[in-house]
Structures are given as structure tokens and as C-alpha cells.
Amino acid sequence: MIACKKEAITKELVDEWMKKWEMLRQGIHQSHSVRDGNAKEIMLKAIQLYESFVLDASDTQDVLSENEEYEILPINAMERLSFIKSRPGQYACYRQLDELFIETKKRCARLRLKH
């Protein structure tokens with residue numbers, strides 16, 4: 001298992017990460033509401049934001065690997081992320097990514113208490 005770096009999951013850093021997600025989330029939601037076709041492009045940015053946070057918060061320099069288990073990730077996160085990446089323009093993938101952000105934020109809080 002790839003351990004998380006406690007200094008990378010401080011409340012301040014996680015809150016900043018969530019603010020960036022919230023801005024992207026609003027754009028994705030709006031795009032799906034008006035069906036303007038921009039959701040996929042914004043989702044790709046959001047996926048990059050998610051993956052970069054996981055890597056920054058993990059004790060590794062590698063790219064995110066489906067074969068590894070990351071302490072910071074919620075249950076089935078890699079499978080869910082794979083699903084999201086396969087169809088980033090779909091509303092269901094947006095909802096799934098939103099859940100991953102929320103669950104990862106909660107996981108960070110639990111890990112801060114544990115370490």
C-alpha cells in the first residue's frame with residue numbers, strides 16, 4: 001500500500017483542493033443543464049485535479065497506477081476513476097467524480113486523526 005503524506009492532507013490544503021473542484025463542479029453542472037457540450041472538457045480538467053491531488057498526497061513519484069493501493073483513496077476508487085475516464089462527458093461520470101471528491105475529503109480527515 002502506498003502511504004499518504006500527512007503534511008499533504010492538512011485541512012487547509014484539502015479545503016483549497018475542494019475549492020478548485022467546486023469551481024469545476026459548477027461549470028460541469030451548468031454544462032450538463034444547458035447541454036452545451038462543454039462538460040467533457042471541464043471533466044478532463046477535474047480528473048486531472050483529482051489525480052494530481054492523490055499523487056501529491058501519496059508517498060510516490062509515479063503516475064497513478066490501477067495496480068497499486070493508495071491509503072488516501074476510498075473503496076473501489078481506482079475502478080470508479082477508470083469508469084469516469086472512459087466516459088467523461090456523461091452525467092453519471094460527473095456524479096461519480098463528485099462522490100469521489102467528497103469521499104476522499106472525508107478519508108483525508110480520518111487519516112489526519114489517525115496519523
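The figures here come from the full heavy-atom set of this structure, side chains too, leaving out hydrogens, waters and symmetry mates.
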How about [X] and [Y]: do any of their side-chain heavy atoms sit closer than 4.5 Å?
X     : Y      : result
Met78 : Leu64  : yes
Gln48 : Leu44  : no
Pro74 : Thr104 : yes

Check: With a 3.5 Å cut-off and no angle check, do the side chains of Gln30 and Gln26 form a donor-acceptor pair?
Finding: no
Margin query: Hydrogens and angles aside, do Tyr70 and Ser65 bring a side-chain donor and acceptor to less than 3.5 Å of each other?
Written below: no
Check: Salt bridge between Arg110 and Glu71, side-chain N to carboxylate O under 4.0 Å?
Finding: no
Next item on the list: Give a yes or no on whether Tyr91 and Leu100 share a hydrophobic cluster (residues Ile, Leu, Val, Met, Phe, Trp, Tyr; joining criterion: side-chain heavy atoms under 4.5 Å apart).
Entry: yes
Item checked: Transitive ILVMFWY side-chain link Ile2 to Leu111, under 4.5 Å -> yes
May I ask you to decide if [Y]'s main-chain N or O and [X]'s side chain share a donor-acceptor pair within less than 3.5 Å?
X      : Y      : value
Lys6   : Arg112 : yes
Ser31  : Gly27  : no
Lys105 : Met18  : no
Ser58  : Val54  : yes

Next item on the list: For residues Phe101 and Trp17, establish whether the separation of their ring centroids is below 6.0 Å.
Entry: yes
Give, for atom [atom1] of [X] and atom [atom2] of [Y], the distance between the pair rounded to the nearest 0.5 Å.
X     : Y     : atom1 : atom2 : result
Glu16 : Lys19 : CD    : NZ    : 5.5 Å
Thr10 : Lys5  : OG1   : NZ    : 12.0 Å
His29 : Ile42 : NE2   : CD1   : 12.0 Å
Lys85 : Leu97 : NZ    : CG    : 11.0 Å
Ile84 : Cys93 : CD1   : SG    : 6.5 Å
Ile9  : Asp56 : CD1   : CG    : 12.5 Å

More than 12 foreign heavy atoms under 6.0 Å from [atom1] of [X]: is that the case here?
X     : atom1 : answer
Glu41 : CD    : no
His32 : NE2   : yes
Glu69 : CD    : no

How close do [X] and [Y] get, counting heavy atoms only, and between which atoms?
X      : Y     : value
Ala8   : Phe53 : O-CE1, 4.0 Å
Leu49  : Leu24 : CD2-CD1, 3.9 Å
Arg107 : Ile72 : CG-O, 3.2 Å
Lys40  : Gly89 : CB-CA, 3.9 Å

Margin query: For a salt bridge (charged side-chain N to carboxylate O under 4.0 Å, His left out) check, start with the C-alpha distance between Glu103 and Arg80, then their side-chain angles and the critical distance, and finish with the verdict.
Written below: CA-CA 12 Å; Glu103 290 173 29; Arg80 293 157 67 191; 2.9 Å; yes
Next item on the list: For Phe83, enumerate each residue passing the ring-ring contact (aromatic ring centres under 6.0 Å, His included) test, keeping only those at least two apart in sequence or located in another chain.
Entry: none
Check: Could you go step by step and tell me if Leu81 and Glu51 meet the side chain to side chain contact (heavy atoms under 4.5 Å, CB included) rule?
Finding: CA-CA 9 Å; Leu81 191 56; Glu51 289 182 334; 3.7 Å; yes
